[in-house]
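What follows is a single structure, written as structure tokens, with notes after it.
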Amino acid sequence: MPELPEVETVRRALEKRIIGRKILAVESNFPKIVSTPSFKTFASQIKGSKIEAMFRRGKFLIFDLSGGLSMISHLRMTGHWLVTKNLPDSKFIHLKLKLSDGHTLAYSDIRKFGRIWLIERQDFALFKPFAKLGIEPLSKGFTMEAFSGRLAKYKNNIKQVLLNQQVVAGLGNIYVDEVLFSAGVRPSRKVPSLTKTEILKIFKAIRRILALAIKHGGTTVENFTTPEGGTGYFQNKLKIYGRKGQKCYNCKGTVSRIVIAGRGTHFCKSCQK
DNA sequence: ACTAGCCCCTGGGAGC
DNA sequence: TGCTCCCAGGGGCTAG
């Protein structure tokens, strides 16, 4: 499932290959993939525009287009972007953008959870999914003060709070488990029970693990691939996620799996207090 | 203002 | 082998 490091990996790969290209034609077999505006409006507005820049905010990808428009994409569970001259014939490809250099920029999504939006750049502030988005964890604004200040609002368990995009933008199920293992904190711990030292450990782990995961091109579980069709490498570095029943790397214990907030949650009973 | 529960989807694994 | 059932999972939405 694409989280911040996977989305950043996609952004970097796309940036190298599509900036400066014009969108010549727009096609879809599933118009609902475009959330707003209507697909018809979307298609007519982006046709002929040039892709000028690419950004990421949390798990959102932003394509800045000429004419003051931004196309925004969220991959949710199984979304992919592909750039290719030989597009495979796939029922999972829901959007095809023919580019001026002969490549097709295509969006594929098995479960169709992902969504695409088109907004006027001047209306960025009105774009609802961004309005409540939390701190960008790799930005300068992500300080221990800012982080603990955000946490102070919540009484829930730390796993659920870290999954909440209003607190820190971009963490998902895999990296929350990895962060809490690294920090030695049980996912079920209520936020008010955390000591300052524990919060500091979580804070540092967030930055360290996300940066490391980006360095390794993200994590491929389920079916994350880069726009070139390659996989990430961070799955080989996972210390706790998906390791139910296996030996903890830190101690002789066994990795446990429980469900918190409807998410599979992995932790070590002896290493995480 | 925060929290719980439901919903969207499909491939794949479990059970028979 | 092949059928049916059920589940994961991000985030939007509604209700409490």
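Below, read A as the first sequence line, B as the second, and so on, with proteins coming before strands; counting in each chain starts at 1.
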For residues 127-165 of chain A, pull every pair meeting ring-ring contact (aromatic ring centres under 6.0 Å, His included), keeping only residues two or more places apart or in separate chains. A/Phe60-A/Phe130, A/Trp117-A/Phe127, A/Phe124-A/Phe130, A/Phe127-A/Phe130, A/Phe142-A/Phe147, A/Phe142-A/Phe203

How many Å lie between CG on A/Asn173 and P on C/dA8, as a whole number? 11 Å

Can you pull the side-chain hydrogen bond (donor to acceptor under 3.5 Å, both in side chains) pairs that have at least one residue in residues 252-262 of chain A, sequence neighbours excluded? none

Answer with base, sugar-phosphate or nothing: what part of the nucleic acid does A/Asn156 contact at a heavy-atom distance below 4.0 Å? sugar-phosphate

Does anything in residues 204-213 of chain A pair up under side-chain hydrogen bond (donor to acceptor under 3.5 Å, both in side chains), and if so which pairs, sequence neighbours excluded? A/Ser182-A/Arg208

Sugar-phosphate or base contact per nucleotide [nucleotides 11-16 of chain C; S, B, -; heavy atom under 4.0 Å]: BS----

Could you go step by step and tell me if A/Leu69 and A/Ser49 meet the side-chain contact (heavy atoms from CB on, under 4.5 Å) rule? CA-CA 9 Å; A/Leu69 294 169; A/Ser49 67; 5.6 Å; no

Using a 3.5 Å cut-off and no angle test, enumerate the donor-acceptor pairs between side-chain atoms of residues 23-33 of chain A and protein atoms at least two apart in sequence or in another chain.
from    : atom 1 : to      : atom 2 : distance (Å)
A/Glu27 : OE2    : A/Lys98 : NZ     : 3.3
A/Ser28 : OG     : A/Phe30 : N      : 2.9
A/Ser28 : OG     : A/Phe30 : O      : 3.2
A/Ser28 : OG     : A/His94 : O      : 2.6
A/Asn29 : OD1    : A/His94 : ND1    : 3.1
A/Asn29 : ND2    : A/Lys91 : O      : 3.3
A/Asn29 : ND2    : A/Ile93 : O      : 3.3

Mind listing the closest non-hydrogen atom pair of A/Glu136 and A/Leu4 along with its distance? OE2-CD1, 3.7 Å

For the helix from B/dC2-C/dG16 to B/dC16-C/dG2, figure out the bend between the end axes, five pairs an end, and round to 10 degrees. 40°

Sugar-phosphate only, base, or nothing, as touched by A/Gln160 at under 4.0 Å among non-hydrogen atoms: sugar-phosphate

Determine, step by step, whether A/Phe113 and A/Leu75 satisfy the side-chain contact (heavy atoms from CB on, under 4.5 Å) criterion, reporting the C-alpha distance in whole Å, the side-chain angles of both residues, the deciding distance to 0.1 Å, and the verdict. CA-CA 7 Å; A/Phe113 274 14; A/Leu75 306 172; over 6 Å; no

Side-chain donor-acceptor pair under 3.5 Å between A/Asp109 and A/Thr78, yes or no? yes

In whole Å, I'd like the distance from the CD1 atom of A/Ile258 to the P atom of C/dA8. 13 Å

Can you run down the side-chain hydrogen bond (donor to acceptor under 3.5 Å, both in side chains) pairs that involve residues 137-148 of chain A, sequence neighbours left out, and say none if there aren't any? none

Which ILVMFWY residues can you reach from A/Val255 by hopping between side chains whose heavy atoms are under 4.5 Å apart? A/Phe181, A/Ile240

To the nearest Å, how far apart are A/Gln166 CD and C/dG10 P? 16 Å

NA contact type, A/Gly264, heavy-atom cut-off 4.0 Å: base, sugar-phosphate, or nothing? sugar-phosphate

For residues A/Ile158 and A/Ile258: do they belong to one hydrophobic cluster (side chain heavy atoms under 4.5 Å, members Ile, Leu, Val, Met, Phe, Trp, Tyr)? no

Closer than 4.0 Å, any side-chain N/O of A/Tyr241 to the OP1 or OP2 of C/dA8? no

Let me know the distance between CZ of A/Phe113 and C1' of C/dA8, rounded to the nearest Å. 9 Å

Going by the rule ring pair (Phe, Tyr, Trp, His ring centres under 6.0 Å), which residues pair with A/Phe267 if we only count those two or more places apart in sequence or in a different chain? none

Earliest and latest nucleotide of DNA chain B, 5' to 3', sitting under 4.0 Å from a non-hydrogen atom of chain A? B/dC2 to B/dG11

How about A/Pro187 and A/Asn157: do any of their side-chain heavy atoms sit closer than 4.5 Å? no

Of A/Val161 and A/Lys112, the one whose closest DNA chain B nucleotide lies more 5': A/Val161

Taking DNA chain C as the partner, which of residues 130-139 of chain A come within under 4.0 angstrom of it by heavy atom? none

Which residue pairs pass the side-chain hydrogen bond (donor to acceptor under 3.5 Å, both in side chains) test with at least one member in residues 264-273 of chain A, sequence neighbours excluded? A/Lys159-A/Thr265, A/Asp177-A/His266

